[in-house]
Amino acid sequence: MRVFSEEFRMGTLETLTTAPVTDWQIVLSKFCGVMFFYCILWAPSFLSFAAFQYITGHSAANASGAFLSTFLLLFLMGLFFCSIGCFASALTKDQIIAATISFSLILMFVFLPFLPLVMNISAPAIREIFSYFSPAEHMQDFSKGLIDTRPFVWYLSMTSLVIFLTLQVLQYRKWKT
Amino acid sequence: MANSLPPEATRKVVKIKRFQISVNVLIQTGVFLVIVAMVNYMSFRHFKRWDFSRNRKYELSSQTKNVLKNMKKPVRAIIFFSSATEIIPDVNGLLREYEFASNKKFKTEVVDPYRNLSRAQELQTKYRFGTNENILILDIDGKSKFVNAGDMVITEEPDQMQVMLGQTQPRITGFKGEQAVTSAMMELIDGKPNKVYFVGGHGEPNLESPDLKFFNESLKRQNIQISPLLLLNQNNIPEDCRAPHHLRSETRFLRIRIETARRFLGQKRPGVHPAQSFCRHPAALQLHGEPGDRSPAGSRHQAGQFPPV
C-alpha cells in the first residue's frame, strides 16, 4: 500500500525520478519488490508440510502435481492482486485509501464470478464466461493438479494491463506536480 | 521560444500540448485494452489442459474422448441434484471435463431444485420426473435420457458392526460417473430408439393398463419405445427389437414360439443382449432345458423389475 503513496506523501518520488531510470523501470521494480514480499509470506506454508512429514513420517507432498500447481496458481493470482495493490497505491497519497481501493477491487474480482449463482442464472454460456475469471474455480482445478492455459493468460494479461495503468497514473501525477 | 511568447499564447501552447498527451495516453490505453481483450478471447476459445493429479484420475478415457470428438449434434446436460447430494463435486468436475473435451458441443446446466424452483418445475414438466429425484438429464436434439445419481456410484452395504453403530445407508466407495454418462450418451447419439417388445397372446396384462403406467413412464423417459409382440402372427422377432420381454403369462408357450425365441437367441444383433432380456423367460428356461415355471406367480419378471436394456 505504501509502494507509491508513501513516495508521494514524503515527496521522495522526485528524487527517485531524477535517478537514471525510466518510469517503466520504477514501476516494474516496485512491483517486483511487492511480489518478493508476497512470496515470502507464502514460505511458512512449506514449513507446515515439513512439520507434517517430520511428525507423521509420511510424505506430505505425495501428490506432487496437485501440490506444485496449487502454488503455481497462488503465484499467478499474487501477480494480479499485487499489481492491483500497486495501482491503488499510485492513485493516492493516503495508504489507508489505497488499501481500501485495492481490497475493494480484489474482492470484486473474487466475488463477481459468483453472480450467476446468486442470481440463479443457469445458462451455460454465462456460467462459462464467469468461470473464465473465477479465482475459486481456478483454484478448484489447480488444487486437483489440473493445469489449464486460460488462468495463465487471464492473470498475466490482467497483470500487464494493471501495471500499464499504474505507469500511466504515475506519469500523470509526475507531470501534474 | 515559448518564454518569448506572451502569457496568453504560452497557456494556449501548454493546453494544446496537454491535450495531445491526453489523447496519446487514451489511445495507448485503448490499444492495450483491445490487445488484452483479444488475447483473452483467443485463450477462451483455444486452450489446453493437463492432468498432473495422482494416477491422472481426472483424465477422460479415450472412448469418451472419441465419443465427444465425433459428436455431430450438441448435447445438453442438466445436473438436477439437490445441494445435499454427496457426489455433486464429482459430477460437476466430470462434466466440466466433458465440456472441455467436446469442443463446445457439450453444455452443462446446474439446477438446484431447492434454490431455483421455477427452473426445476419447468424441467419437471418437460421431462416428467419426480421432485425428490437426483438425476442427470442428457438431451440431444429433443431426445433425452436420465442417469440417476445411484447409477454413478459404487456402494457398499454396511456390515453388522456398522449397522450397530447406526450406519444404515449404503456407503459410497467409488465413482463411476464417466461410465454411466458416456454409455447414456452413446445410446442417445446412436439415433435409433431402443425398442422393447412385450410378448403377448398368453394372457399377459395390457401394456396400456393403469397398473403399468409407472413402468411405461420409466421406459419412455429412458428413450425406450415399447410395442406388443404377437408371435402367433410372425415367424421371426422384428429386426428393430433390442430385447423381447414378457409379463406374467397365463398359458404355456407353444413349441413354435419357443423356436422363434431360440432363433432370436442364436442371432447376433448389434446392441441386443438376449441373455439379459430372455434368460428369465419361461420360454428361455425351456430352451435351456429347464422346465418353465408356468404359474403367473412364478414368473420373476414383474413390472418394474426388468434388467437394464
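In what follows, chains are A, B, ... by sequence order, proteins preceding strands, each numbered from 1. The analysis underlying the following values was restricted to heavy atoms, covering all of them including side chains, and did not include hydrogens, waters or symmetry mates.
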**Q** Are B:Ser118 and B:Gln121 close enough that a side-chain donor and a side-chain acceptor fall under 3.5 Å?
**A**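 Absent: no donor and acceptor within the cut-off.
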**Q** Out of B:Ile21, B:Leu33, B:Asp112, B:Val111, return the one with the most heavy atom pairs under 4.5 angstrom to chain A.
**A**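 Highest number of heavy-atom pairs under 4.5 Å: B:Leu33.
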**Q** Any residues in residues 63-79 of chain B near chain A, with a heavy-atom distance under 4.5 Å, and which are they?
**A** B:Arg76
**Q** Are A:Phe49 and A:Phe67 close enough that their ring centres sit under 6.0 Å apart?
**A** yes
**Q** Given the side-chain rings of A:Phe81 and A:Tyr38, with only the six-membered ring counted for Trp, is the space between their centroids under 6.0 Å?
**A**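 That pair fails the under 6.0 Å test.
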**Q** Can a salt bridge be assigned to the pair B:Lys143 and B:Asp141 using a cut-off of 4.0 Å between side-chain N and carboxylate O?
**A** no
**Q** If you count heavy-atom pairs under 4.5 Å with chain A, which of B:Arg119, B:Arg56, B:Arg96 comes out on top?
**A** B:Arg96
**Q** Going by atom types only, do A:Thr12 and A:Glu7 share a side-chain donor-acceptor pair under 3.5 Å?
**A** yes
**Q** With ring centroids as reference points, do A:Phe75 and A:Phe71 lie under 6.0 angstrom apart?
**A**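 No.
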**Q** What I want to find out is whether B:Lys48 reaches A:Asp148 closely enough, with some N-O distance under 4.0 Å, to be called a salt bridge.
**A**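 No salt bridge links B:Lys48 with A:Asp148.
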**Q** Are side-chain heavy atoms of B:Val147 and B:Ile135 found at a separation under 4.5 Å?
**A**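 No; the side chains remain at least 4.5 Å from each other.
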**Q** Do A:Asp94 and A:Thr92 pair up side chain to side chain, a donor and an acceptor below 3.5 Å, judged on atom types alone?
**A**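 No donor-acceptor contact under 3.5 Å links the two side chains.
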**Q** Salt bridge or not between B:Lys107 and B:Glu99? Use side-chain N to carboxylate O under 4.0 Å.
**A**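 Result for this pair is no, no salt bridge flagged.
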**Q** Using a cut-off of under 4.5 Å on heavy-atom pairs, state which of B:Gln28, B:His46, B:Met42, B:Arg49 scores highest against chain A.
**A** B:Arg49
**Q** Quick check: do A:Ser89 and A:Phe8 have side-chain heavy atoms less than 4.5 Å from each other?
**A**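 No - every pair of side-chain heavy atoms lies 4.5 Å or more apart.
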**Q** Strictly less than 4.5 Å between heavy atoms, which residues of residues 128-146 of chain A line up against chain B? Please order them by number.
**A** A:Glu128, A:Ile129, A:Ser131, A:Tyr132, A:Glu137, A:Asp141, A:Lys144, A:Gly145, A:Leu146
**Q** Go through the atoms of A:Arg127 and report whether side chain, backbone, both or neither lie under 4.5 Å from a heavy atom of chain B.
**A** side chain
